[in-house]
Amino acid sequence: MVSFEEIEEVYKRLEGRLKPDEFKSMVEEKVIMMNGLCDSKTAAMLVASELGLNETIKIKDIAPDKGGVVFIAKVISIGDIHEFSRSDSSTGRVVNITFADDTGSIKAALWDEASDLVKIGDIKMGQSLKVKGYIKEGQRGLEVNVGRGGNIEHVDKAVAVNLEPMKINDIKSGMSGLNIIGRIIDTGKVRAFQRKDGTTGKVTNLTLGDETGKIRVTLWDSKAESADFKIGDTVEIINGYARENTFSNQIELQLGSGGNIMKSNTAVDYSETFTQIADIGINSAYSVTGHVSGLDEIREFDRPDGTKNKVSNIYVSDDTGRIRVALWGEHAELVNELDIGSEISIIDAFAKPGRNEEIELSAGARTRIQVLRK
DNA sequence: CCCCCCCC
């Protein structure tokens, strides 16, 4: 006899198009017909496919050789709609969407009419959709294409997703499709810049930490403009990619139009890792904590481009050594409230060779300074 | 795709 539990999974995919009892008796009939050559689950799948219903697939089972697929998933990111000219001079349009279910996530390209669903607001973040498309190997892994012959329908039942956020320490250069949950430990200003093609871009940075480490996050264009986060917020990042910054030699997380960042209620632990002063190398960012063992005056100077700036130098000591720290710009004013013996933490200062072959720290715009005791 | 890391 067939128990309903064994075939329940398959039954669910039929989305209530027939009663459980009807389905069960069809499966039992199939098992008898197969003369015991298949188990009840296989029989259930045969019945489902004979019913001519679309068999939906889980995202983790989507493979390059699948061709046409149907899956039910949640929209977890929507990119910008991109228009382009075809060789026949007609205009095409495409938008990238990331879908997720309880087994993984996948990128989809919606072409032409399908992309209009985003434009008119029929497809939005967080919706659960049934997607029919075909699989193609894209530049960054598998991609679902929804064009002619494809289809998108809304489904009532919300899809549960399991995005398995990556721990910050496990992020390697070149990775894409990254999901991360972290706490904001620093924010930056939005900057505008000119691209080679003459268009204006926007960019801003955040530093994100979790219990394994921290990472600098770069938000581009619409993601930069809409960034409204405060230090201490927990955020979830969807569909970022990692690249090495050639200046700092550190991995950074990039978030463009195909990704998403949103506030989250998850509690995230983060604690700063301090390097002992004796262990500081060069050409990398370090955080140190110790007491002030030397103070210098503020000095104002002109940069080569004519703008003015100021700097003050202090010395910081811990149990292992003493290092000179240059406090640039606004940080320079700190000398007015510090004394010999003040306790201080300097976070993310850049180490470089100073004068007389000693390493020194540079505390600039990316550095945070905490005075623990004046 | 941007920005750095400058003084004496």
Side-chain angles (χ1 to χ4, degrees), chain A residues 79-80 82 96 139-140 173-174 176 186-208 214-227 239-259 261 275 280-288 294-316 322-336 346-369:
Chain A
D80 298 329
H82 177 63
N96 288 315
Q139 288 193 332
R140 284 204 186 108
S173 186
S176 60
D186 194 25
T187 59
K189 291 200 172 71
V190 181
R191 306 180 295 277
F193 66 96
Q194 295 292 121
R195 288 200 190 77
K196 282 182 197 121
D197 65 4
T199 59
T200 301
K202 294 278 178 64
V203 63
T204 193
N205 294 97
L206 301 170
T207 307
L208 220 59
K214 67 183 168 188
I215 193 165
R216 186 171 187 245
V217 181
T218 302
L219 309 180
W220 298 100
D221 300 319
S222 59
K223 296 292 178 281
E225 281 174 356
S226 59
N239 214 23
Y241 57 97
R243 232 181 31 185
E244 188 169 325
N245 180 312
T246 49
F247 180 81
S248 69
N249 306 315
Q250 280 168 334
I251 306 290
E252 294 184 353
L253 187 71
Q254 309 287 321
L255 196 69
S257 78
I261 177 167
T275 302
I280 292 175
I282 51 164
N283 297 331
S284 183
Y286 291 91
S287 301
V288 296
L295 284 161
D296 209 352
E297 300 280 285
I298 297 177
R299 192 168 24 247
E300 295 191 9
F301 64 96
D302 295 326
R303 289 202 192 84
D305 69 358
T307 58
K308 292 199 179 303
N309 199 7
K310 56 192 168 187
V311 63
S312 64
N313 293 293
I314 63 170
Y315 284 85
V316 175
R322 183 169 189 249
I323 194 164
R324 193 158 99 129
V325 184
L327 308 176
W328 299 99
E330 295 301 304
H331 291 314
E333 305 284 350
L334 257 182
V335 291
N336 295 330
I346 295 169
I347 296 159
D348 288 337
F350 199 78
K352 53 181 190 163
R355 315 170 99 211
N356 29 327
E357 292 169 21
E358 284 182 338
I359 296 171
E360 67 175 47
L361 290 175
S362 219
R366 291 187 193 176
T367 307
R368 277 147 287 135
I369 300 180

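Order of the sequence lines sets the chain letters (A, B, ...), proteins ahead of strands, with each chain counted from 1.
Here the options are Asp186(A), Thr207(A), Asn205(A), the test is side chain to side chain donor-acceptor pair (under 3.5 Å), and the partner is Arg216(A); only Asn205(A) passes.
Distance CD1 (Ile298(A)) to C1' (dC8(B)): 15 Å, rounded to an integer number of Å. A straight line from CG of Asp221(A) to P of dC2(B) spans 11 Å, rounded to a whole angstrom. Atom OH of Tyr315(A) is separated from atom P of dC7(B) by 16 Å (rounded to the nearest Å). Atoms NZ (Lys352(A)) and P (dC7(B)) sit 7 Å apart, rounded to a whole Å. For Asp305(A) and dC7(B), the CG to C1' distance is 14 Å, given to the nearest whole Å. In this entry the distance linking CD of Glu357(A) with P of dC8(B) reads 20 Å, nearest Å. Protein atom CZ of Phe193(A) is 6 Å distant from nucleotide atom P of dC2(B), rounded to whole Å. In this structure, CD of Glu300(A) is placed 13 Å from P of dC8(B), rounded to the nearest angstrom.
Listed nucleotides: dC3(B), dC2(B), dC7(B). Nearest to the side chain of Arg216(A): dC3(B). Among the nucleotides dC2(B), dC3(B), dC8(B), the one closest to any side-chain atom of Asn245(A) is dC3(B). Here the nucleotide nearest the side chain of Arg243(A), chosen from dC6(B), dC1(B), dC2(B), is dC1(B). Nearest to the side chain of Val203(A), among dC6(B), dC7(B), dC2(B), sits dC2(B). Residue Trp220(A) has its side chain nearest to dC2(B) when only dC2(B), dC5(B), dC7(B) are considered. The side chain of Ser362(A) approaches dC5(B) more closely than any other nucleotide in the set dC5(B), dC2(B), dC7(B).
We find the CD-CG distance between Gln254(A) and Asn245(A) to be 8.5 Å, quoted to the nearest 0.5 Å. A distance of 12.0 Å separates CD1 in Ile280(A) from CD1 in Ile282(A), rounded to the nearest 0.5 Å.
Donor-acceptor pairing under 3.5 Å, judged by distance alone, is present between the side chain of Glu360(A) and the base of dC7(B).
Asp348(A) and Lys214(A) are joined by a salt bridge, as a carboxylate oxygen and a charged side-chain nitrogen come within less than 4.0 angstrom of each other. By the 4.0 Å N-to-carboxylate-O rule, Asp221(A) lies too far from Lys202(A) to be salt-bridged with it.
Evaluation of Trp328(A) against the base of dC6(B) yields a stacking contact (centre distance < 5.5 Å, interplanar angle < 30°). Ring-to-base geometry places Phe247(A) in a stacked arrangement with dC5(B) (centre distance under 5.5 Å, plane angle under 30°).
The residue Asn313(A) sits close to a base: some heavy atom pair falls under 4.0 Å. Contact annotation for Gln250(A): no contact, since no heavy-atom pair falls under 4.0 Å across all strands.
The side chain of Lys189(A) contributes no N or O atom lying less than 4.0 Å from OP1 or OP2 of dC3(B).
Sequence order on DNA chain B of the closest nucleotides to Arg324(A) and Phe350(A) puts Phe350(A) first from the 5' end.
For Thr204(A), the side-chain contact (heavy atoms from CB on, under 4.5 Å) partners two or more places apart in sequence, or in a different chain, are Val190(A), Leu219(A), Ala224(A), Ala227(A).
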